[in-house]
Amino acid sequence: MKSGVTTIFRALVALVLVKLLVACGGAPAGNTSDSVDDSRTPTIAFTSVSESQLVLRGQGGVENSIVTFLVTDAANAPLANQSVEFSLSTDVGGINFVGGDTVTSSSDGQVSVIVQSGSFPIAVQVIATIAGTTTRAVSNEIQISTSIFSAGDFSIGPNPEDISGSDNGANIVNGGAIIGNTTVGMTVLASDQFGHAVLDGSRVTVVTPENGLVDPSTCEMSGGSCNITWASTQPGADKIGLRVTVLAYASGAEEFTDLNSNNIYELNEPFDDLPEAFVDANENGVYDQGELFIDNNSNGVYDATGNGFWDGPCVDIEGESTAERDARCAGDDSTIISDSTILLLAIDTEDP
């Protein structure tokens with residue numbers, strides 16, 4: 001009997017204690033009313049790149065791009081003093097960061113890193129991750145390629161709608177050419193050694209010393225091409241059958257065979273050693289005294305053969321000695337590359 005009373009008493013005491021805990025704001029373990037303030041939880045977003053196209057390292061163009069991100073809180077207010085870790089979508093060819101890959105956000109929440117190009121043409125993106133979290137953002141692509149014209153991928157030609165056919169290697173221009181009012185649209189196409197468009201703004205010069213004028217005389221590349229217009233300037237029946245050479249040229253690199261696919265010219269790799277460009281007025285295949293030529297080395301005479309060395313931007317090779325580099329890079333940093341096309345001024349047989 002006594003033990004039963006004791007049990008009932010203990011149960012009543014326990015019930016009273018539970019009620020007292022509830023009244024005093026207590027709660028069973030594992031159930032808490034505390035909330036986590038996430039208003040300062042950082043987020044990150046890509047904002048800009050200073051350069052969307054870089055040249056291969058060592059080729060004389062823009063090699064670095066500043067990539068910027070913005071760190072904010074949940075209310076989109078800038079967050080300072082946030083550590084951000086950077087990585088690359090690829091590091092092929094030696095792409096890297098200048099100055100490290102971990103940066104702290106500034107008072108305005110911005111954080112930037114500098115990407116340096118490598119020796120291989122590829123597109124790369126920067127990945128920014130807030131340290132200690134999985135919160136990240138990815139930049140736009142940065143295209144890495146060469147900035148220089150390649151002799152093997154350079155051409156000029158008339159637009160098809162402005163010619164009526166061909167004859168013995170010439171493009172036939174009918175009608176008004178004999179009275180001085182015909183125009184022919186022409187396009188220059190150019191790419192680098194990888195078949196990529198050269199940088200927008202790269203310049204090509206076009207000349208036509210035998211007859212006509214070209215406008216503009218220097219055109220700027222955009223998306224791998226530029227356009228000029230040729231117009232006849234010497235009217236008269238004596239110009240019927242005149243063949244006119246239009247020559248385009250630019251500063252570029254000689255074509256070479258990249259035997260080990262490292263995108264760098266090395267000794268004993270075959271290359272096309274270019275002679276100086278000229279306008280072959282009599283079309284006999286060789287330079288004759290009095291014909292216009294581009295005096296690439298400024299020696300006052302036409303050079304029918306190359307200089308015996310590969311001419312183009314010399315990119316450093318890791319571990320190479322100074323003597324080895326001097327031997328490999330004995331040529332010029334660039335040379336004149338060119339292409340020409342011939343116009344044949346003819347009578348329009350459809351005219352009355």
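- Between L247 and S338, the closest heavy-atom pair is CD1-CB, 3.9 Å.
- Nearest heavy-atom pair across A277 and Y302 is O-CE1, 4.3 Å.
- Taken from CZ in F256 to OG in S150, the straight-line distance is 8.5 Å, to the nearest 0.5 Å.
- With Q116 contributing its side chain and V98 its backbone, the two residues share no donor-acceptor pair below 3.5 Å.
- Within a 6.0 Å radius of CG in N81, no more than 12 heavy atoms belonging to other residues, nucleotides or ligands are found.
- F154 and M221 fall within a single hydrophobic cluster, where Ile, Leu, Val, Met, Phe, Trp and Tyr side chains are chained together by heavy-atom contacts under 4.5 Å.
- Judged by distance alone, the side chains of T335 and N296 do bring a donor and an acceptor atom under 3.5 Å apart.
- Both F194 and I95 are assigned to one and the same hydrophobic cluster, defined by single-linkage of ILVMFWY side chains at heavy-atom distances under 4.5 Å.
- Tracing side-chain contacts under 4.5 Å through hydrophobic residues (I, L, V, M, F, W, Y), one reaches I142 starting from F86; they form part of the same cluster.
- Remark: Q193 CD to S145 OG distance equals 8.0 Å, nearest 0.5 Å.
- The two atoms that bring G312 and A253 nearest to each other are CA-CB, 4.0 Å, heavy atoms only.
- Tested against V49, the residues V67, V126, T68, V115 include a single side-chain contact (heavy atoms from CB on, under 4.5 Å) partner, V67.
- The CD atom of E266 sits 4.5 Å away from the CG atom of N260 when rounded to the nearest 0.5 Å.
- Under the 4.5 Å side-chain heavy-atom criterion for ILVMFWY residues, a single connected hydrophobic cluster contains both F46 and I44.
- Distance CD/E324 to CG/L267: 9.0 Å, rounded to 0.5 Å.
- In this structure, I156 is a member of the same hydrophobic cluster as L345, with clusters built from ILVMFWY side-chain heavy atoms closer than 4.5 Å.
- Between F149 and S251 the shortest heavy-atom distance is CD1-O, 3.3 Å.
- Using cut-offs of 30° and 60° on the angle between ring planes, the pair Y265 and W310 is parallel.
- The two atoms that bring E276 and D303 nearest to each other are OE1-N, 2.9 Å, heavy atoms only.
- Here the closest heavy-atom approach between residue R243 and residue D167 is recorded as NH1-O, 3.5 Å.
- For the residue pair N159 and T187, a side-chain donor N or O sits within less than 3.5 Å of a side-chain acceptor on the partner.
- The side-chain heavy atoms of N64 and S50, taken from C-beta on, include no pair separated by under 4.5 Å.
- For the pair D153 (side chain) and A190 (backbone), a donor-acceptor distance under 3.5 Å is absent.
- Taking a 6.0 Å sphere around CG of L213, one finds it holds more than 12 heavy atoms contributed by other residues, nucleotides or ligands.
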